[in-house]
Trainee: 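Okay, here's the structure, questions in a sec.
It should be emphasised that the depicted structure is a prediction, and the values quoted were computed from it without experimental measurement. When a ligand or atom number is given, it counts from 1 through the structure's own listing order.
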Amino acid sequence: MPRPIQATIHPDALRANLERMRRAAPDAKVWAIVKANAYGHGIERVYEGLRGADGFALLDLAEAERVRALGWRGPILLLEGAFEARDLELCSRLNLWHAVHCEEQIDWLAAHKTHQPHRVFLKLNSGMNRLGFTPAAFRTAWVRLDALPQVDEISLMTHFSDSDAARGVAHQMRVFAEATKDLPGERTLSNSAAVLRHAQDANVRADWVRPGIAVYGSAPDFPEHAAAHWQLQPTMTLSSKLIGVQQLQAGDTVGYGSTFTADAPLRIGVVACGYADGYPRHCSTGTPILVEGVKTRLVGRVSMDMLTVDLAPVPNARIGSEVTLWGNGPKGTVQPIDEVARAGGTVAYELMCALAARVPVLVA
Ligand SMILES: *Cc1c(COP(=O)(O)O)cnc(C)c1O
């Protein structure tokens, strides 16, 4: 028998979360962001649930090829554009729309011998200071692109740094409005947090929204809000089983480094899941976890292939009992991935993306 660990992808939840994003930005078209192999879910596994999107956005050219291979004929956007000049050949061949964030990418386009003019998304650095033209250079870049026969349509994009938190989007909205004033073309600005928190403003919604993490059922502004608050459903479940049980006495310790000491007799369970499966090693005693759908806590350190849980709330638990690390548990229970991520000092994005290749994945 293989190890009992299992990941499950939920297409119905992907569909419902995508619909949720549409309700938050009703007049906008929606890019489903499927970069990083669909946030670790697998592009092929999410395709059915997300094909109701208006387009797919990602950044790896091989992933764009996989989306086309699935039969998708609609828009695909390369969020970081070409990485070198010859990437434009694939853009021409597969009809990929692509971001243009630097002068070099314009040079490559100008030298590109294409028969099919390209649609590009000119990216403004409105304050994130990662990719994009500065406000001062933006118009010159637009004029350069507009003069190229290789380009037939220019859209305008930027990305928010603080849409999930107190600083918000107003400062970047001001920069975007000023830099793009009187320029024609569709606009796209909003990631998940902007869609959920700021999309009452039509200028924030704009023509296209770009939700990623919310489509995958995580609250972008956790812990201020939980996924349930935003009516988002888990799209990935990580489950396993108990493969061992130990009866501890007061003073006994658990696992490497003896970081947990029982202060009274305690039954603990050993779960077939460790950091080599993608469960964060930084999660320590107290991290929430479901056994038979009952909320309990991790105790001691996470090791490579196993972790240990407090069985006090689940006296009937035994070898073979169902364990939910994150996602959907038995009988309608849920272990939010955001809570696990927080306990590990990270975000749900990282947990999803880090699901290890050795974990078998089922599409339910
Ligand atoms: C990843 C990404 C998004 C989606 O962000 P979420 O926080 O997952 O919604 C949107 N736009 C760009 C440019 C991105 O790189």
Trainee: Can we say Lys295 and Glu339 salt-bridge, meaning some charged N sits less than 4.0 Å from an Asp/Glu carboxylate O?
Mentor: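 Judged by the 4.0 Å cut-off on N to carboxylate O distance, Lys295 and Glu339 do form a salt bridge.
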
Trainee: Among all protein non-hydrogen atoms, which one is nearest to atom 12 (C) of ligand 1, and what is the separation to 0.1 Å?
Mentor: His159 CE1, 3.4 Å

Trainee: Which part of Arg210 is near ligand 1, with near meaning a heavy atom under 4.0 Å away: side chain, backbone, both or neither?
Mentor: both

Trainee: Please check whether Arg130 reaches ligand 1 - meaning an N/O of the residue sits under 3.5 Å from an N/O of the ligand, judged on distance alone.
Mentor: no

Trainee: Quick test of your reading of the model: are Arg144 and Asp107 salt-bridged, counting only N-O distances below 4.0 Å?
Mentor: yes

Trainee: Around atom CD of Gln246, are there more than 12 heavy atoms of other residues, nucleotides or ligands at under 6.0 Å?
Mentor: no

Trainee: If I take atom CD from residue Gln335 and atom OG1 from residue Thr237, how far apart are they, to the nearest 0.5 angstrom?
Mentor: 10.5 Å

Trainee: Check contact between Tyr39 and ligand 1, using heavy atoms of the residue and a distance below 4.0 angstrom.
Mentor: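 Checking ligand 1 against Tyr39, which is what was asked, there is a heavy-atom contact under 4.0 Å.
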
Trainee: Is the backbone N or O of Val271 less than 3.5 Å from a side-chain atom of Ser240, with the two atoms forming a donor-acceptor pair by type?
Mentor: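 Flag not set: sc Ser240 to bb Val271 has no pair under 3.5 Å.
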
Trainee: Return the residue, atom name and 0.1 Å-rounded distance of the protein heavy atom closest to atom 7 (O) of ligand 1.
Mentor: Tyr349 OH, 2.6 Å

Trainee: What protein heavy atom lies closest to atom 9 (O) of ligand 1? Include the residue and the distance to one decimal.
Mentor: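 For this ligand atom, the closest protein heavy atom is Ser192 OG, 2.5 Å.
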
Trainee: Ignoring angles and geometry beyond distance, decide whether Pro211 reaches within less than 3.5 Å of ligand 1 through its nitrogen or oxygen atoms.
Mentor: no

Trainee: Report yes or no: does Tyr216 have a heavy atom closer than 4.0 Å to ligand 1?
Mentor: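 No; Tyr216 lies far enough from ligand 1 that no heavy-atom distance drops under 4.0 Å.
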
Trainee: Counting both backbone and side chain atoms, is some N or O of Gly212 under 3.5 Å from an N or O of ligand 1?
Mentor: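 Yes, since at least one N or O of Gly212 sits under 3.5 Å from an N or O of ligand 1.
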
Trainee: Students should be able to answer this: which protein heavy-atom is nearest to atom 15 (O) of ligand 1, and at what distance?
Mentor: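 Going atom by atom, the protein heavy atom closest to atom 15 (O) of ligand 1 ends up being Lys35 NZ, 2.6 Å.
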
Trainee: Please say whether more than 12 non-hydrogen atoms of neighbouring residues, nucleotides or ligands are located less than 6.0 Å from OH in Tyr256.
Mentor: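 No, not enclosed.
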
Trainee: Would you call the rings of Trp208 and Trp31 parallel, tilted or perpendicular, where under 30° means parallel and over 60° means perpendicular?
Mentor: parallel

